[in-house]
Engineer: 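Just passing along the structure, written as structure tokens.
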Amino acid sequence: MTAFRGAVVQLPAMGEVRILEDAAIIVDAAGDIAAIGEGADVHALAAAHGVPSAAVRVLGLRQMLLPGLVDTHIHAPQLPFTGTGTDLPLFE
């Protein structure tokens, strides 16, 4: 487990952005957020979740935590064209 203190960007709903300038985040062994709180309380929050003080990472002024931006779409309309045109050059 790891604890972070610093700026955190949250996207709670479509089109909504929330920036926490000084937050404490506890991340469990699976990489999931186990807890979030005020930055000033990071050591107490870490201790409550069994995170040792050495595992508390303080972010710099130019660092922040962002949610993973994972592109999960597929290109289903392109499936009929899979493997076609492999005999043609990309540029002429």
Side-chain angles (χ1 to χ4, degrees):
M1 294 184 71
T2 308
F4 294 93
R5 179 181 182 177
V8 175
V9 177
Q10 291 182 318
L11 305 171
M14 181 68 89
E16 184 180 346
V17 177
R18 184 181 307 148
I19 299 174
L20 308 174
E21 293 184 18
D22 186 23
I25 303 281
I26 306 297
V27 180
D28 67 18
D32 297 324
I33 295 174
I36 187 166
E38 296 292 325
D41 300 330
V42 68
H43 290 288
L45 193 61
H49 287 84
V51 178
S53 293
V56 175
R57 297 187 53 195
V58 179
L59 303 179
L61 293 176
R62 294 182 178 216
Q63 294 178 313
M64 66 179 66
L65 293 176
L66 297 169
L69 303 175
V70 179
D71 186 0
T72 60
H73 77 279
I74 61 170
H75 293 267
Q78 297 174 352
L79 289 178
F81 302 103
T82 302
T84 61
T86 56
D87 58 327
L88 302 173
L90 290 177
F91 299 103
E92 288 190 24

Engineer: When you look at CD of E16, are more than 12 heavy atoms from neighbouring residues, nucleotides or ligands closer to it than 6.0 Å?
Structural biologist: yes
Engineer: Nearest 0.5 Å, please: how far is CG in L11 from CD1 in I19?
Structural biologist: 9.5 Å
Engineer: Looking only at heavy atoms, what is the nearest atom pair of V56 and A46, with distance?
Structural biologist: CG2-CB, 4.0 Å
Engineer: Restricting to non-hydrogen atoms, name the atom on H49 and the atom on A34 that form the minimum distance, rounded to 0.1 Å.
Structural biologist: NE2-O, 4.1 Å
Engineer: For I33, I'd like to know if atom CD1 has over 12 heavy atoms of other residues, nucleotides or ligands within 6.0 Å.
Structural biologist: no
Engineer: Return the set of residues passing side-chain hydrogen bond (donor to acceptor under 3.5 Å, both in side chains) with D22 (not counting sequence neighbours), or none when no residue passes.
Structural biologist: R5
Engineer: Could you list the residues that satisfy side chain to side chain contact (heavy atoms under 4.5 Å, CB included) with V8, not counting sequence neighbours?
Structural biologist: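 V8 satisfies side chain to side chain contact (heavy atoms under 4.5 Å, CB included) with Q10, L20, A23, I25, L65 once adjacent residues are dropped.
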Engineer: Can you name the closest pair of heavy atoms from A7 and L59 and give their distance?
Structural biologist: O-CD1, 4.0 Å
Engineer: Quick one: closest heavy-atom pair of V51 and A55, and the distance?
Structural biologist: CG1-CB, 3.7 Å
Engineer: Above 12 or not: heavy atoms from other molecules or residues under 6.0 Å from CD of E38?
Structural biologist: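 Not more than 12 within 6.0 Å, no.
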Engineer: So, the side chain of D41 versus the backbone of L45: is there a donor-acceptor pair under 3.5 Å, distance only?
Structural biologist: no
Engineer: Please say yes or no: joined through hydrophobic side-chain contacts below 4.5 Å, possibly via intermediate residues, are V17 and M64 part of one cluster?
Structural biologist: yes
Engineer: Please find the pair of heavy atoms, one from V42 and one from F4, that lie closest to each other, and give the distance.
Structural biologist: CG2-O, 3.9 Å
Engineer: Which heavy-atom pair separates M1 from A29 by the least distance, and what is that distance?
Structural biologist: CG-N, 4.0 Å
